[in-house]
Amino acid sequence: MKALFALNPYIWRYKKHLIFGTLFVIASNIFGVYPAQIVRMAIDMVGELLKVFRLINGFEVEGALKTMLVPSLLLFGGLVILAALTRGIFLFFTRQTLIVMSRNVEYDLHRDLYDHMQNMSLSFYRRNRTGDLMARMTEDVSRVRSYLGPGIMYTINTVSLTVIVVVTMLAVNPQLTLIVLIPLPILSFIIYYVESIIQRKSDKIQKQLSKLTTFTQEIFSGIRVIKAYVKETASGDKFADECETFKVKSMDLAKVESFFFPAITFLIGMSTLLAVWIGGEKVIAGGLTVGNIAEFIIYINLLAWPIIALGWVTTLIQRAAASQVRLNELLQQRSEVKFPNDNTPVEKANMKFEDVNFTYPDTGIHAVKNASFELKPGQKLGILGPTGSGKSTLCALMPRLFNISGGEIYLSDKALATYGKHPLRNAIGYAPQDVFLFSDTIRNNIAFGVPEATQEDVEAAAKAASIYENIMDFPEKFDTMVGERGVTLSGGQKQRISVARAWIRQPKLLILDDVLSAVDTRTEEHVLRNLRAYRQTHPDSAIVMVAHRISCIQDADLIIVIEDGQITQQGTHEALIQSEGYYQRIYQKQLLEEEKA
Ligand SMILES: Nc1ncnc2c1ncn2[C@@H]1O[C@H](COP(=O)(O)OP(=O)(O)O)[C@@H](O)[C@H]1O
Ligand SMILES: [Mg+2]
C-alpha cells in the first residue's frame with residue numbers, strides 16, 4: 001500500500017479534479033436516495049387513500065378521489081425521473097473529473113518513466129530485458145491507473161453512499177437496518193475472495209497469451225528457417241499445444257466467473273427477503289408502513305453495488321500496489337553515467353587515453369586493460385584485433401556510453417567526464433557495430449541526428465557513405481521505408497546508411513566500428529577516399545575506424561592492435577608490418593588471399 005504514496009504528488013497536481021469529483025459523487029448519491037423516499041410516500045399515500053376509499057365506497061366522492069390520486073401519482077413518478085436525471089448528470093461530472101484525473105496522471109507517469117528510462121545507461125539495458133521494461137511501461141502503468149481512476153472513484157462512492165444510505169435507514173428503523181445488513185459484509189468478503197481467484201487465473205491466461213504471441217511472432221519472423229527445414233507441421237503442433245493450454249486456462253476462469261453473479265444475486269435476495277419478512281411483521285405490529293418496506297428494498301439494492309465494488313476495489317488496489325512497487329524500483333535506479341551541466345563545446349578532436357581500464361559492471365569482464373594512446377586532430381586511428389578483444393568496448397568509451405573504471409580519457413585536453421551530455425555527444429558521430437535502422441524512411445534514418453538537415457545534406461552524406469546510387473535505384477528513393485514494411489536492405493547497405501547517419505553530423509570525432517565489413521572492396525575504397533577528404537576539409541576532426549581488413553586502416557596515422565583487452569602493438573602501417581606480431585600475421589594472410597583471388 002505504501003508504494004502507492006509515490007503517486008500522491010501526481011494526484012496533487014490534479015487536486016481540483018479530485019475535490020470536485022468527490023463533491024459530485026456525494027451529490028449523485030444524495031439524488032440516488034431520494035427516489036426511495038418518494039416511492040415510500042407514494043405507496044403510503046395510496047394505502048391511506050385506499051382506506052378512506054373503502055369507507056366512502058359507493059358515494060360520489062369516489063370520482064373526485066380518483067381525479068386526486070392519479071395526478072399526485074404522476075407527480076411522484078415525475079419526481080423520481082427528475083432525481084434519476086439529476087443523479088445521472090452528477091455521475092457524468094464525476095467521470096469527467098475523476099477518470100480524467102486518472103488519465104492525466106497516467107500520461108504524466110508514462111512520460112516520466114520514458115524520460116527516466118531513456119536517461120539510463122547501457123548497463124541498465126543489459127540488466128533489464130526489453131520485454132520486462134515494456135511490461136513496466138504498459139501493464140504496470142495501466143494497473144496503477146485503474147487504482148487512480150475506478151479505484152479512487154468507487155472508494156469515494158462506496159464510503160459516501162454507504163454512509164448516506166445507512167444513516168437514512170437507521171432513521172427509519174434501527175433494528176430492521178441491522179438485520180437486513182447482515183448478508184452484505186459476507187457478500188463483500190465473497191467478492192474479494194472470488195475476485196482474487198479470478199485475478200490469479202486471468203494473470204495466468206495473460207501470461208499464456210503473451211507466450212502465444214511471442215511464439216507466433218518468432219515463427220513468422222523465422223519463417224525462412226522453418227520452411228527450409230520443413231518444420232511447418234512441427235511448429236503447427238507446438239502452436240496447437242499452446243492454444244490448448246490457453247483454452248484450458250480460459251475455461252478454468254469461466255467456471256469461477258459463472259459462480260460470481262449467482263452468489264451476488266443470492267445474497268442480495270437474502271437481504272430483500274429479510275426486509276420483507278421482518279419488516280412485514282413490524283408492519284402488522286404497527287410502527288412501520290408498507291412504504292417503508294419498499295423503501296428498504298430500494299436501499300438494499302442501492303447498497304449492493306458499493307458492497308460489490310468494495311471487494312473488487314480491494315484487489316484492484318492490491319494489484320496497483322504491487323505494480324507501483326516495481327515502478328518505484330525502476331524510478332529509484334539512477335544512471336551511473338552522470339553528466340555535469342556544462343555547455344562548453346568540444347574544440348578539437350584530441351583524444352588521449354591514459355592507462356584506461358574498463359570492466360563491464362554486470363558481467364565483470366575486464367574488456368579494456370591499461371589502454372594508452374593519443375589521437376590528434378586531422379588524424380585517423382585504426383583499430384585491429386581478434387573478435388572479442390575489446391575494440392567495440394573501446395569505441396563505446398569515447399562517447400562515454402560507459403564510465404571508465406580507471407585511468408583517464410582526455411578530449412581536447414579536458415577530461416571526458418567534464419563535458420555536458422549534449423556538447424560531448426553532439427561532437428561525436430558514432431556508427432556502432434550492430435547497425436540499427438528505425439522502421440522509417442531512409443531519409444529520416446540518415447538525418448536522425450540532425451533533424452533539420454536539408455535534402456542536400458542527406459544526399460551529400462549518402463554520397464560520402466557510397467550508398468547514394470543504391471538509394472536512387474529504389475523506386476521511392478530517399479522516401480523508401482526501411483524494415484518490416486519496406487525494403488529489406490543487405491547488410492552492407494545498412495552499414496553504409498549507418499555511416500551516413502554518423503557523417504551527416506559533421507562530427508569532431510567520427511567513430512566507425514567495423515561498419516565496412518559487409519562492403520565490397522570497390523565500395524570500401526570509395527568510402528576510404530571520402531574519409532580522407534573529410535579529414536582535409538575538417539582539420540579539427542579525427543576518425544576512429546575499427547576493421548578486420550588491413551586495407552581499411554593502412555592509411556591511418558596510428559594503428560593500435562588489441563588482443564584480449566590489451567594494446568599489444570601500436571604504430572603506423574609501415575612500422576607494424578616490419579615488426580613481428582598480430583598485425584604482420586594478418587597482413588601476410590590477407591596478402592596471400594588477395595593473390596589467390
Ligand atoms: N554490453 C556488454 N556487457 C558485458 N560484456 C560485454 C558487453 N559487450 C561486450 N562484452 C564483452 O567484452 C569483451 C569485448 O567485447 P567487444 O568490445 O565487443 O570486442 P570486439 O569488438 O573486439 O569484438 C568480450 O568478452 C565481450 O563478451
Ligand atoms: Mg566489435
Side-chain angles (χ1 to χ4, degrees), residues 117-133 333 335-337 351 353 355-373 375 380-407 409 416 425 428-437 491-492 494-496 498-499 501-502 509-519 524 527 543-553 556 558-570 576 581-583 585-587 589-590:
M117 297 224 257
Q118 284 219 312
N119 280 318
M120 292 310 284
S121 69
L122 289 183
S123 1
F124 168 84
Y125 285 93
R126 284 271 304 188
R127 279 197 305 275
N128 297 284
R129 285 183 309 144
T130 314
D132 285 341
L133 294 179
Q333 292 184 46
S335 170
E336 53 272 31
V337 183
M351 176 151 273
F353 272 57
D355 218 18
V356 171
N357 275 283
F358 176 70
T359 306
Y360 278 104
D362 45 332
T363 54
I365 292 174
H366 194 175
V368 174
K369 299 171 188 158
N370 307 319
S372 297
F373 61 86
L375 176 67
K380 170 173 168 180
L381 171 72
I383 306 179
L384 188 82
T387 27
S389 58
K391 305 182 294 294
S392 297
T393 308
L394 199 71
C395 290
L397 294 181
M398 298 177 181
R400 228 181 131 218
L401 293 179
F402 297 102
N403 275 339
I404 49 177
S405 332
I409 302 176
L416 203 59
R425 301 239 165 113
I428 292 173
Y430 175 44
Q433 183 174 19
D434 45 344
V435 173
F436 181 82
L437 299 185
K494 281 189 205 154
Q495 286 185 333
R496 279 172 288 149
S498 167
V499 171
R501 179 193 285 162
L509 194 65
L510 181 62
I511 306 171
L512 305 175
D513 187 357
D514 208 9
V515 285
L516 295 180
S517 61
V519 164
E524 177 191 294
V527 176
I543 292 171
V544 175
M545 187 163 206
V546 175
H548 277 106
R549 279 202 297 267
I550 300 280
S551 56
C552 277
I553 52 172
L558 176 68
I559 297 169
I560 57 183
V561 176
I562 306 186
E563 287 170 278
D564 194 21
Q566 207 115 37
I567 300 186
T568 49
Q569 292 184 286
Q570 54 178 303
L576 288 175
Y582 183 81
Y583 194 87
R585 284 201 302 279
I586 296 290
Y587 176 65
K589 209 176 109 201
Q590 291 184 358

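These numbers were taken from a predicted model, which means no experiment stands behind them. All ligand and atom numbering here is 1-based and tracks the order in the structure.
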- line: Between the CZ atom in Arg549 and the CG atom in Asp514, the distance rounded to the nearest 0.5 Å is 9.0 Å

- prompt: So which bit of Ser389 gets within less than 4.0 Å of ligand 1, heavy atoms only: side chain, backbone, both or neither?
  reply: both

- prompt: Can you tell me how far CG of Leu512 sits from CG of Leu381, rounded to the nearest 0.5 angstrom?
  reply: 11.0 Å

task: Answer yes or no for Gly388: is there a heavy-atom contact with ligand 1 below 4.0 Å?
output: yes

statement: Test side-chain contact (heavy atoms from CB on, under 4.5 Å), reference Ile404, set Leu416, Val368, Val356, output is Val356

task: Please write down residue, atom name and distance for the protein heavy atom closest to atom 21 (O) of ligand 1.
output: Ser392 OG, 2.7 Å

- prompt: Identify the closest protein heavy atom to atom 19 (O) of ligand 1: which residue and atom is it, and at what distance?
  reply: Gly390 N, 3.2 Å

task: Starting from atom 5 (N) of ligand 1, find the nearest protein heavy-atom neighbour and note its residue, name and distance.
output: Tyr360 CD1, 3.2 Å

query: Which angle, to 10 degrees, forms at the Mg ion (ligand 2) with OG of Ser392 on one side and OE1 of Gln433 on the other?
result: 90°

message: I need the Lys369 NZ to Thr359 OG1 distance, nearest 0.5 Å.
response: 9.0 Å

- request: Please verify whether a non-hydrogen atom of Ser123 lies at under 4.0 Å from ligand 1.
  value: no

Atom indices of ligand 1 within 4.0 angstrom of Thr363 heavy atoms, with elements: 4 (C), 5 (N)

- prompt: About how many Å separate SG of Cys395 and CG of Leu401, when rounded to the nearest 0.5 Å?
  reply: 10.0 Å

message: With heavy-atom distances below 4.0 Å as the criterion, list the atoms of ligand 1 near Thr393.
response: 14 (C), 15 (O), 16 (P), 17 (O)

From Glu563 atom CD to Lys391 atom NZ, the distance as rounded to the nearest 0.5 Å: 10.5 Å

Under 4.0 Å to a heavy atom of Ala367 - the qualifying atoms of ligand 1, by number: 12 (O)

- prompt: Looking only at side chains, do Ser335 and Asn119 share a donor and an acceptor under 3.5 Å apart?
  reply: no

- prompt: Which atoms of ligand 1 have any heavy atom of Pro386 under 4.0 Å away?
  reply: 22 (O)

- prompt: Nearest protein heavy atom to atom 25 (O) of ligand 1, by residue and atom, and its distance?
  reply: Ile365 CG2, 3.8 Å

message: Please report the interatomic distance CG(Leu384) to CD1(Ile562), rounded to the nearest 0.5 Å.
response: 9.5 Å

- prompt: Do the side chains of Phe402 and Ser123 get nearer than 4.5 Å, heavy atoms only?
  reply: yes

Atoms of ligand 1, numbered as shown, that sit under 4.0 Å from any heavy atom of Thr387: 23 (O)

query: Taking both backbone and side-chain atoms of Phe402, is any N or O found less than 3.5 Å from an N or O belonging to ligand 1?
result: no

